[in-house]
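Since the structure comes first, as structure tokens, the remarks are kept for the end.
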Amino acid sequence: MARTSISVKAAAFNQGRFPTVAFINKATTPLGVNLDKLVSALQKQLDQHFVPVWGYPAKLHVTAEPEADEWQIVFLDDADAANALGYHDITKDGQPISKVFVKTTLAANQRVSTTASHELLEMLIDPAAQLWAQNGDGKLYAYEMCDAVESEEYEIDGIAVSNFVHPSFFESWHLPRSVQFDHLKKVTRPFETLPNGYQIVTDGKSVQEVFGSENKLLDFQREVRAMHRSEYRKHLMEVKAASQAQARDSNHAAVLYHAGQFLTALALTKKKSPEPLPPFTTPWDTDPPPDPWRFP
């Protein structure tokens with residue numbers, strides 16, 4: 001996935017203060033919901049449900065021109081529109097950005113409001129899409145708040161918003177049903193994938209999706225996933241795995257090279273042993289001859 005060219009300073013977000021998130025509508029397709037009412041409902045979801053669990057507040061507002069230091073959620077028709085308008089994984093000022101593809105969402109029979117809630121909650125906890133949690137099986141699961149419970153929703157002021165998991169969901173030591181694992185209390189154990197959900201899993205060498213049901217797999221395969229947050233996360237992990245494999249190969253080659261050098265040197269020393277030093281010419285001579293390897 002292409003990345004915006006930015007400076008290191010500009011990309012340094014999340015520096016000791018909670019974000020302001022700007023909601024920007026660039027879609028020509030109707031959202032199916034009033035954007036101001038949606039953002040108001042999302043603010044209530046944050047303040048009343050999400051922050052008490054996750055402890056990470058944010059201020060949300062609708063605007064056409066976001067400030068340079070604001071995080072963004074942008075509504076676009078589809079991935080082609082995102083490419084045409086130059087939207088990537090971060091803004092030109094180095095701030096996190098999430099994209100809601102309106103045409104793609106509606107074509108998948110999903111609600112734009114639920115998708116916006118999903119993107120907002122996940123971006124707040126892991127804006128760079130780089131956090132992973134280790135399960136008891138040793139595999140790493142993407143630290144995403146909504147993927148495993150995707151399509152589970154509830155209403156705030158008549159507007160549908162996404163279900164989300166609690167931190168306990170990523171803590172493998174909890175016994176089944178011992179604590180609350182998600183807001184709607186649908187999850188019964190850590191790392192569980194609900195029937196309409198999925199998760200991204202890696203063993204450090206490859207990345208794959210785990211689906212809650214065969215129907216979810218089929219729906220996923222029909223979706224256009226280009227430029228989704230999940231695709232960016234997989235891309236990051238694949239690049240990391242390839243880099244680690246290259247480093248392992250390079251280290252292995254270096255070991256072989258040095259071993260070969262040592263064996264070559266050892267073989268040369270065995271071919272011809274050095275001749276012994278000649279005895280001193282006289283008993284009182286305290287120094288060896290000038291050229292001890294040359295016999296008279």
Side-chain angles (χ1 to χ4, degrees), residues 1 42 45-46 49-50 53-54 56 73 79 89 96-101 104-105 107-137 139-154 160-172 174 180-204 206-238 240:
M1 179 178 294
L42 293 179
Q45 183 185 30
L46 282 185
H49 305 154
F50 194 74
V53 175
W54 283 97
Y56 201 89
I73 290 186
D89 52 287
I97 184 171
S98 288
K99 299 170 289 293
V100 176
F101 298 122
T104 307
T105 298
N109 295 318
Q110 299 172 0
R111 302 191 200 200
V112 171
S113 62
T114 305
T115 302
S117 171
H118 181 138
E119 295 298 323
L120 171 65
L121 301 184
E122 294 189 335
M123 181 174 69
L124 285 175
I125 300 303
D126 185 13
Q130 62 182 359
L131 299 181
W132 299 80
Q134 188 171 30
N135 196 357
D137 58 8
K139 294 181 179 179
L140 298 176
Y141 286 68
Y143 207 69
E144 301 282 0
M145 283 61 258
C146 303
D147 287 350
V149 295
E150 191 170 69
S151 299
E152 298 289 342
E153 57 187 36
Y154 62 103
V161 296
S162 178
N163 187 19
F164 59 89
V165 300
H166 287 198
S168 56
F169 178 86
F170 299 104
E171 299 167 348
S172 60
H174 292 296
Q180 186 171 343
F181 295 106
D182 70 305
H183 181 69
L184 294 180
K185 301 181 180 180
K186 299 290 185 73
V187 178
T188 62
R189 55 182 170 77
F191 296 100
E192 179 182 6
T193 309
L194 294 186
N196 289 324
Y198 78 101
Q199 294 190 73
I200 302 173
V201 182
T202 181
D203 58 3
S206 61
V207 185
Q208 62 182 7
E209 287 95 1
V210 173
F211 299 94
S213 65
E214 185 69 23
N215 287 336
K216 180 59 180 179
L217 169 60
L218 295 175
D219 289 342
F220 197 88
Q221 291 175 336
R222 285 192 287 263
E223 287 185 35
V224 179
R225 306 294 300 180
M227 295 192 74
H228 275 243
R229 173 185 169 92
S230 60
E231 296 303 306
Y232 176 57
R233 177 185 284 279
K234 288 192 296 182
H235 170 74
L236 288 179
M237 180 53 73
E238 287 165 355
K240 180 180 179 181

State which residue, out of T104, L120, T105, fulfils the side-chain contact (heavy atoms from CB on, under 4.5 Å) condition with T115.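 Looking at T104, L120, T105, the match for T115 under the side-chain contact (heavy atoms from CB on, under 4.5 Å) is T105.
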If you measure from [atom1] on [X] to [atom2] on [Y], what distance do you get to the nearest 0.5 Å?
X: H118; Y: S113; atom1: NE2; atom2: OG; value: 13.0 Å
X: N196; Y: N215; atom1: CG; atom2: CG; value: 8.0 Å
X: S162; Y: M145; atom1: OG; atom2: CE; value: 11.0 Å
X: E150; Y: Q110; atom1: CD; atom2: CD; value: 6.0 Å
X: N163; Y: K185; atom1: CG; atom2: NZ; value: 12.0 Å

Under the side-chain hydrogen bond (donor to acceptor under 3.5 Å, both in side chains) test, which residues partner [X], sequence neighbours left out?
X: Q180; result: none
X: E192; result: T188
X: S151; result: none
X: H49; result: Y154

Output a table of donor-acceptor pairs, distance under 3.5 Å, between side-chain atoms of residues 124-132 and any protein atom two or more places apart or on a different chain; print 'none' if there are none.
| unit_1 | atom_1 | unit_2 | atom_2 | d |
| --- | --- | --- | --- | --- |
| D126 | OD1 | A129 | N | 3.2 |
| D126 | OD1 | Q130 | N | 3.2 |
| D126 | OD2 | Q130 | N | 3.0 |
| D126 | OD2 | L131 | N | 2.9 |
| D126 | OD2 | R233 | NH2 | 2.6 |

Under the side-chain contact (heavy atoms from CB on, under 4.5 Å) rule, collect the residues that match up with [X], sequence neighbours excluded.
X: S98; result: I73, E119, M123
X: V210; result: T193, V201
X: A107; result: none

Student check: side-chain heavy atoms of L194 and E152 closer than 4.5 Å: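 The answer is yes, as the side chains (C-beta and beyond) meet within the 4.5 Å cut-off.
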Shortest non-hydrogen separation from [X] to [Y] and the atoms involved:
X: S172; Y: P190; result: CA-CB, 4.0 Å
X: A148; Y: F169; result: CB-CZ, 3.6 Å
X: W54; Y: P167; result: CZ2-N, 3.5 Å
X: F191; Y: Q199; result: O-NE2, 3.0 Å
X: A116; Y: V100; result: CA-CG2, 3.9 Å

Taking the six-membered ring for Trp and the full ring for Phe, Tyr or His, determine whether the centres of Y143 and F170 are under 6.0 Å apart.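 Judged by ring-centre distance (under 6.0 Å), Y143 and F170 do meet the cut-off.
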Is the backbone of V161 close enough, under 3.5 Å, to the side chain of S117 for a donor and an acceptor to pair up by distance?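 Looks like no, no N/O pair under 3.5 Å.
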Contacts of type salt bridge (charged side-chain N to carboxylate O under 4.0 Å, His left out), residue K139, not counting sequence neighbours: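 So K139 forms no salt bridge (charged side-chain N to carboxylate O under 4.0 Å, His left out) with any residue.
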Sequence neighbours excluded, which residues qualify as salt bridge (charged side-chain N to carboxylate O under 4.0 Å, His left out) partners of D219?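 Salt bridge (charged side-chain N to carboxylate O under 4.0 Å, His left out) list for D219, sorted by chain: R222.
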Taking only residues two or more places apart in sequence or in another chain, which ones pass ring pair (Phe, Tyr, Trp, His ring centres under 6.0 Å) with F181?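 Partners of F181 under the ring pair (Phe, Tyr, Trp, His ring centres under 6.0 Å) test: none.
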Take the angle between the ring planes of H183 and F164 and call it parallel below 30°, perpendicular above 60°, tilted in between.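 Parallel.
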Sequence neighbours excluded - salt bridge (charged side-chain N to carboxylate O under 4.0 Å, His left out) pairs with any residue from residues 108-117: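 As it turns out, the salt bridge (charged side-chain N to carboxylate O under 4.0 Å, His left out) pairs with a partner in residues 108-117, which skip direct neighbours, are R111-E153.
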